Number of protein chains: 2
Amino acid sequence: MEKSILERIRAVSDRLTAKERKAAQALLSNYPMAGLETVAGFARIAGVSGPSILRFTSRIGFSSYPEFQQHLRAEMEARLKSPIAKAPQGPGLGDGDGSDLERFAEAAIANIRNTAQSLAPRELEKAAALIGEAPGTVYLIGGRFTDPLARYMAAHLKLLRPRIMHLAGQVDSWRDHLIDMGRKDVLITYDIRRYQEGVIWFAEQAASRKVPIVLFTDQWISPVTRIATHVLPAHIEAPSNFDSSIAILTLTEAVIAHCTRLIWEQAQKRIRDLEELREI
Amino acid sequence: MEKSILERIRAVSDRLTAKERKAAQALLSNYPMAGLETVAGFARIAGVSGPSILRFTSRIGFSSYPEFQQHLRAEMEARLKSPIAKAPQGPGLGDGDGSDLERFAEAAIANIRNTAQSLAPRELEKAAALIGEAPGTVYLIGGRFTDPLARYMAAHLKLLRPRIMHLAGQVDSWRDHLIDMGRKDVLITYDIRRYQEGVIWFAEQAASRKVPIVLFTDQWISPVTRIATHVLPAHIEAPSNFDSSIAILTLTEAVIAHCTRLIWEQAQKRIRDLEELREI
DNA sequence: CTCAAAATGTATCAATCATTACAGATAATA
DNA sequence: TATTATCTGTAATGATTGATACATTTTGAG
């Protein structure tokens, strides 16, 4: 039997030149439609020139571009017709089994599954409601590796509602905000292993001022847990020297999504207004 | 929204002439590959002449055959790429079917799987090597929602090696860095849908100064693709009004992990030194 | 750094393709 | 059956595409 196109790509993948690899990448990312475009269209998608596309198709064993397309169509037809065909929609390439990325991806998936399963029901919804409907200001803080997650959430919340305040930089600069914080506000805290003192201290101060706290943390549970109103713990193990924040980001995005639905009425108008401002 | 091709066919199905109906049936039974052939190929499959095919595509509302094919490709691409439509087949323990988080988690998992599978082998390793071993400075930029990801990577890279520079804030402040950038440096760019002009502009300037570029993007392909040395495209669909960055974070962490292993010798020492400094 | 080898894009050309006009075929109507 | 209207294929043509030669750039060895 003849080799499939995916097998061909894989067979030559480490013999490809830089631009040929870009072509392969583009084809794999938009499989198989990129290959069914014209040479120029494929080239545009891949960000290379026409001839580079032709060198690529030539290298994987086709003597002309139409011949390559013919094979691509035939393969897709076979795949679409077979009853089991729906499942493997992506090209089955990694590196055999255990490429680095494959292992990492599987670990991430396990983290997400475990996190989703072990979360208390409705905890997420409650946290989202608290954030979306807080009459005061929503403050966000994070540690060394989690501060970007706080920023990520802040960037989204700013589109949804007013009064979002991400606390960055030095602990000293946070302190001044405390004086204005109260029970109508919310503090979103990100804190994972190697729980940072500054973050903990700030959360405690806020708690003593009756500020409700939403805590994103790992399964080892930050000290902030004791004083948090809602705790969203995630799994963070990874085949790496560093912990993985993927499950925390999943929780974060899920909260954002839920929050969005909750206050979509106001948010929609706000987003429109913001876009108008941007155009000026 | 525009009608799908199937809807168009159904809409006119009783107004078709004999040969046009043959064309329609041929397309439906070899959907969609028959329509991606040349006119002559489609005609051969349907057992009619070329012009009959063109009369058919014209009747369902397309002014040219290429336009028809473009729609067909776009539809198939959308269909092949939407993991959201999939039923949440996860471990439905406890919560029956689909809590919000469950659905979100499954979409995230699908994104990670698709991303891992469609990435060209060794592309990630090469990007990691470029970043880990660059003799110059590693610069990072991102857009509104992706800047936090750039920060996240920067926070990790700072532990692994010297000369990490995250470019934040206004475009104006980035510009001054350009003068020092050259082929020994690396620019890590994050750019997803609604590709931001500032980011694109900066990447182009860097590219013209021979700075190698590693691009984290979505599968819709940022304009930066054409000038990037390594492209790492991720799937970003989510059951939300916002796109999901989870797969991009997965790629990011995988690059960090690989990078860590690659330069562990120096990194280990560096981390020790940093911790000593911290204790003082 | 220099120079040779490899890789890549530009410009050009030949081949192929979609398109159209028109003639022949078919069906409908009287 | 004659006549007309509609449908369909053939053949010619202009547009587009894939292919290639060559100049330029990039890469890697010494």
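These numbers were taken from a predicted model, which means no experiment stands behind them. To find a chain, count down the sequence lines: A is the first, B the second, and so on, and within it residues start at 1.
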Inset, instruction - Take A:Glu20 and A:Arg55 through the test salt bridge (Lys or Arg N to Asp or Glu O under 4.0 Å) and record every step on the way to the result. - result: CA-CA 7 Å; A:Glu20 285 168 358; A:Arg55 292 185 192 105; over 6 Å; no
Legend entry - B:Ile227 CD1 to D:dT26 P, straight-line distance once rounded to whole Å: 13 Å
Inset, instruction - Could you check whether the rings of A:His156 and B:Phe145 sit parallel, tilted or perpendicular, using 30° and 60° as the cut-offs? - result: parallel
Legend entry - Pairwise 5' ranking along DNA chain C for A:Pro51 and A:Arg59, keeping only the more 5' one: A:Arg59
Legend entry - Length of the CZ-P vector between B:Arg183 and D:dG28, whole Å: 12 Å
Legend entry - Side-chain N or O of B:Thr17 closer than 4.0 Å to phosphate OP1/OP2 of D:dT6: no
Inset, instruction - Report yes if a side-chain nitrogen or oxygen of B:Lys19 is closer than 4.0 Å to either non-bridging phosphate oxygen (OP1 or OP2) of D:dC7; otherwise report no. - result: no
Legend entry - Carboxylate-amine/guanidinium contact A:Asp147 B:Arg151, below 4.0 Å: no
Legend entry - Rounded interatomic separation in angstrom, taking CD from A:Glu67 and C1' from C:dA15: 16 Å
Inset, instruction - In whole angstrom, give the distance that lies between atom CZ of A:Phe56 and atom C1' of D:dA19. - result: 17 Å
Legend entry - Whichever of B:Lys210 and A:Glu37 has its nearest DNA chain D nucleotide further upstream toward 5': A:Glu37
Inset, instruction - Looking only at side-chain atoms of B:Pro66, point me to the closest of D:dG18, C:dT19, D:dT8. - result: C:dT19
Inset, instruction - Would you classify A:Ser49 as touching base, sugar-phosphate or nothing, given that sugar-phosphate means primed atoms plus P, OP1 and OP2, and contacts are heavy atoms under 4.0 Å? - result: base
Inset, instruction - Assess B:Arg8 against B:Phe62: is NZ or CZ under 6.0 Å from the centre of the six-membered ring, and within 45 degrees of the ring's axis? - result: yes
Legend entry - Nearest-angstrom distance from the residue atom CD1 of A:Ile53 to P of D:dG18: 11 Å
Inset, instruction - Just compare C:dC17, D:dG9, C:dT8 and give me whichever is closest to any side-chain atom of B:Arg55. - result: D:dG9
Inset, instruction - Specify the separation, in whole Å, of atom OH of B:Tyr65 and atom C1' of D:dT16. - result: 15 Å
Inset, instruction - Please tell me which of B:Val48 and A:Leu54 maps to the more 5' nucleotide of DNA chain D, matching each residue to the nucleotide holding its nearest heavy atom. - result: B:Val48
Inset, instruction - Calculate the interatomic distance between A:Phe62 atom CZ and D:dG18 atom P; express it in whole Å. - result: 15 Å
Inset, instruction - Flag the pair B:Arg270 and B:Glu275 as a salt bridge only when some basic side-chain nitrogen lies within less than 4.0 angstrom of an acidic carboxylate oxygen. - result: no
Inset, instruction - Please state how far atom CZ in B:Phe42 lies from atom P in C:dA18, giving the value in whole angstrom units. - result: 12 Å
